[in-house]
2 protein chains.
Amino acid sequence: MTSNTAGGPTRRERMRAETIAEIKASARSQLQEHGPSGISLRAIARDVGVTPAALYRYFDSLDALLIQLCCDFYDELIAATREAMDAAPPGAHLDRMKAWVWVFRGWAVGHRREFELMISYPEGNSAMTIDGRRAGQAAEDIDPVTQKSLEHSRLCGHELAAFWKQTEREGGGDPGGPAMPEVSDELASELLDQCAVFIVGEPVPLPWIFSFTSAWVRVFGLVVMETFGSLPVRENVDEYYKTQIMMMLRDFGFDA
Amino acid sequence: MTSNTAGGPTRRERMRAETIAEIKASARSQLQEHGPSGISLRAIARDVGVTPAALYRYFDSLDALLIQLCCDFYDELIAATREAMDAAPPGAHLDRMKAWVWVFRGWAVGHRREFELMISYPEGNSAMTIDGRRAGQAAEDIDPVTQKSLEHSRLCGHELAAFWKQTEREGGGDPGGPAMPEVSDELASELLDQCAVFIVGEPVPLPWIFSFTSAWVRVFGLVVMETFGSLPVRENVDEYYKTQIMMMLRDFGFDA
DNA sequence: ATTAATTAGCTAACGGTGTTCACTTTAATG
DNA sequence: CATTAAAGTGAACACCGTTAGCTAATTAAT
């Protein structure tokens, strides 16, 4: 009964995809209910209506499943962010970057446990990894979660590069660019090197990169503190964020 | 054989304290080697040379042990921070706050796994807690880890209050105080309320509080990113920090 | 259409975990 | 010295992730 004469997905493939989706859904619901450490393979098996051992036909291990989940979450986050950015016109770089921050924050807060898992994954193994890839391993197979994380950062980083390109094309001199303290040559070159991963496209001048990293640190701090409940404000979080974003823009040299 | 005629610690009490120390030491070494989730009660029992069940005479559960560990770590961190602050003269508030940031960062980086456990504890249960205390519970028994965390924050918060007091006493008008964007009354009052937990002592004006929270968010972001390996710099971290601190001081209205 | 190969699923087991309960040994107290 | 409270034991319970070997079903090839 080969229903695959047209090259379409075979029946088993469809069932397989469906089962994988069921497994992930069960895992996610456990994540939301009991947190990252409350995800149990056996509970998933019970949920899906299958033997624990059967799950190993779909994922090499519980860890592999969690990693896969993280990647899915990042895809979700990236899609949401990208959509929000594209709602603004292509040339409105400031608006687009603001949209990125805003949706990032919103997604993280709206999916706390997912976010918890996502940032706890590179973390969990961070002690034995160097910038995401285990020491002495090829750059190809750095862990996929870090890859997704970078992809997410690149959304904003690319916007920065485009922003700089626009600024450079339009204005002579320094049209309100960010002011930056003096730094050593070593720090300067290291920043340029490290950020080449996030900020792709045109080469961006150091002050821009520096201000970008500062803003990135602040956004990260905000989002992590909020999701973990240690932000110094709870009722008027939106306004607090907006004010913080305003201050970052001011650091960047803009008044809007 | 009552060696307790003088009211000193009985022999059993000494043994007990010693055993508790052994248990904690074993747990900590496991934490450092295998991370927070790699701490096993049975392994501790093996290590201490005792039956797993025996450990329940010392801690109600594994969770209780971990909480106790976190508290110890906070005490360690607090002691280190306090010592560094007191190395500067009592009136040098800026230096003392810088010392706080610096030691906080140094301790976290030097004790990554401990720090991981510490911040993952309020986190782990954050979804079901509101500002550290479970909904509908007295303020007395908020979880001890959060209490310690607040105690740590208060070190710096208290310094801010003292700083403001000094500034107010000395100068007329606004002697280089922080500039702050306009905020609504609701946000203003909420900030003042929430920060009353950190910032004890004299009532501090809103712009100071606002700048303080901004700096706190940035420091938190920096430390978390560094311990988790996502800081945009790895070789020249010290200089990067110093530059960031300089920028925060500038935000505060100081040039030093 | 029949056979061969691949895949999904099962059962059973291994070694590990946190936790509890009843029991014994040990140390401190009156 | 007898009594009481604490420390420690051993066995069990209910979980967990993971592996190996087997059976049934689907796909692919002849």
Side-chain angles (χ1 to χ4, degrees), chain A residues 1-24 26-27 29-31 33-69 117 121 124-125, chain B residues 1-24 26-27 29-31 33-69 117 121 124-125:
Chain A
M1 207 203 246
T2 53
S3 66
N4 206 8
T5 56
T10 146
R11 175 194 158 119
R12 255 224 291 246
E13 282 170 332
R14 270 185 296 117
M15 293 302 265
R16 181 178 179 84
E18 212 168 291
T19 309
I20 288 183
E22 270 184 72
I23 295 174
K24 283 179 179 174
S26 170
S29 107
Q30 284 185 47
L31 169 67
E33 272 201 75
H34 312 108
S37 63
I39 304 180
S40 153
L41 245 159
R42 295 183 110 104
I44 295 173
R46 251 173 269 135
D47 215 24
V48 179
V50 97
T51 283
L55 296 181
Y56 284 81
R57 302 278 166 197
Y58 299 91
F59 297 95
D60 287 342
S61 64
L62 174 61
D63 228 54
L65 168 57
L66 296 184
I67 289 176
Q68 198 35 252
L69 268 188
L117 184 70
Y121 234 94
N125 309 357
Chain B
M1 208 202 252
T2 55
S3 66
N4 205 8
T5 57
T10 146
R11 173 187 163 146
R12 253 222 296 243
E13 282 171 333
R14 271 184 297 115
M15 293 301 269
R16 182 178 177 83
E18 212 169 289
T19 309
I20 288 184
E22 270 184 73
I23 294 174
K24 284 179 180 174
S26 171
S29 108
Q30 285 184 46
L31 169 67
E33 273 199 75
H34 312 107
S37 63
I39 304 180
S40 154
L41 231 126
R42 294 185 112 103
I44 295 173
R46 254 173 266 134
D47 215 24
V48 179
V50 97
T51 284
L55 296 181
Y56 283 80
R57 302 279 166 195
Y58 299 92
F59 297 95
D60 287 342
S61 65
L62 174 60
D63 227 54
L65 168 57
L66 296 185
I67 289 176
Q68 198 36 252
L69 268 188
L117 184 70
Y121 236 93
N125 308 357

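No experiment lies behind these values; they were computed from the predicted model shown. Each chain gets a letter, A, B and so on, in the order its sequence line appears, and its residues count up from 1.
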(request) Supply the atom-to-atom distance B:Ile20 CD1 to B:Gln68 CD, rounded to the nearest 0.5 angstrom. (result) 8.0 Å

(message) Between B:Thr19 and B:Met15 (side chain of the first, backbone of the second, donor and acceptor by atom type, cut-off under 3.5 Å), is there such a pair?
(response) yes

(request) Please round to the nearest 0.5 Å and tell me the distance separating atom CD1 of B:Ile67 and atom CZ of B:Phe59. (result) 11.0 Å

(request) Rounded to the nearest angstrom, tell me the gap between atom CZ in A:Phe59 and atom P in C:dT7. (result) 17 Å

(message) Using every non-hydrogen atom in the two residues, find where B:Gln30 and B:Ser40 come nearest and quote the distance to one decimal.
(response) OE1-N, 3.0 Å

(message) Between P on C:dT7 and CZ on A:Arg12, what's the gap in Å once rounded to a whole number?
(response) 7 Å

(request) Calculate the interatomic distance between A:Met15 atom CE and C:dA8 atom C1'; express it in whole Å. (result) 10 Å

(request) Using atom OH of B:Tyr58 as one end and atom C1' of C:dG18 as the other, report the distance to the nearest whole Å. (result) 19 Å

(message) If you define the side chain from C-beta out and look only at heavy atoms, does anything of A:Tyr58 sit under 4.5 Å from A:Glu22?
(response) no

(request) Rounded off to whole Å, could you give me the CZ-to-P distance for the B:Arg16 and C:dA28 pair? (result) 13 Å

(message) Distance check needed: C:dT19 P versus B:Ile44 CD1, whole Å only.
(response) 11 Å

(message) So if I define the base as every atom that isn't primed, P, OP1 or OP2, how would nucleotides 11-21 of chain D read as a B/S/- string at a heavy-atom cutoff under 4.0 Å?
(response) -B---BBBBBB

(request) Taking all heavy atoms of A:Leu62 and all of A:Ile39, pick out the closest pair and write down the distance. (result) CD2-O, 4.1 Å

(request) Round to the nearest Å and state the distance from B:Leu65 atom CG to C:dT17 atom C1'. (result) 15 Å

(request) Measure the distance from CD on A:Glu13 to P on D:dT27 and round it to the nearest whole Å. (result) 9 Å

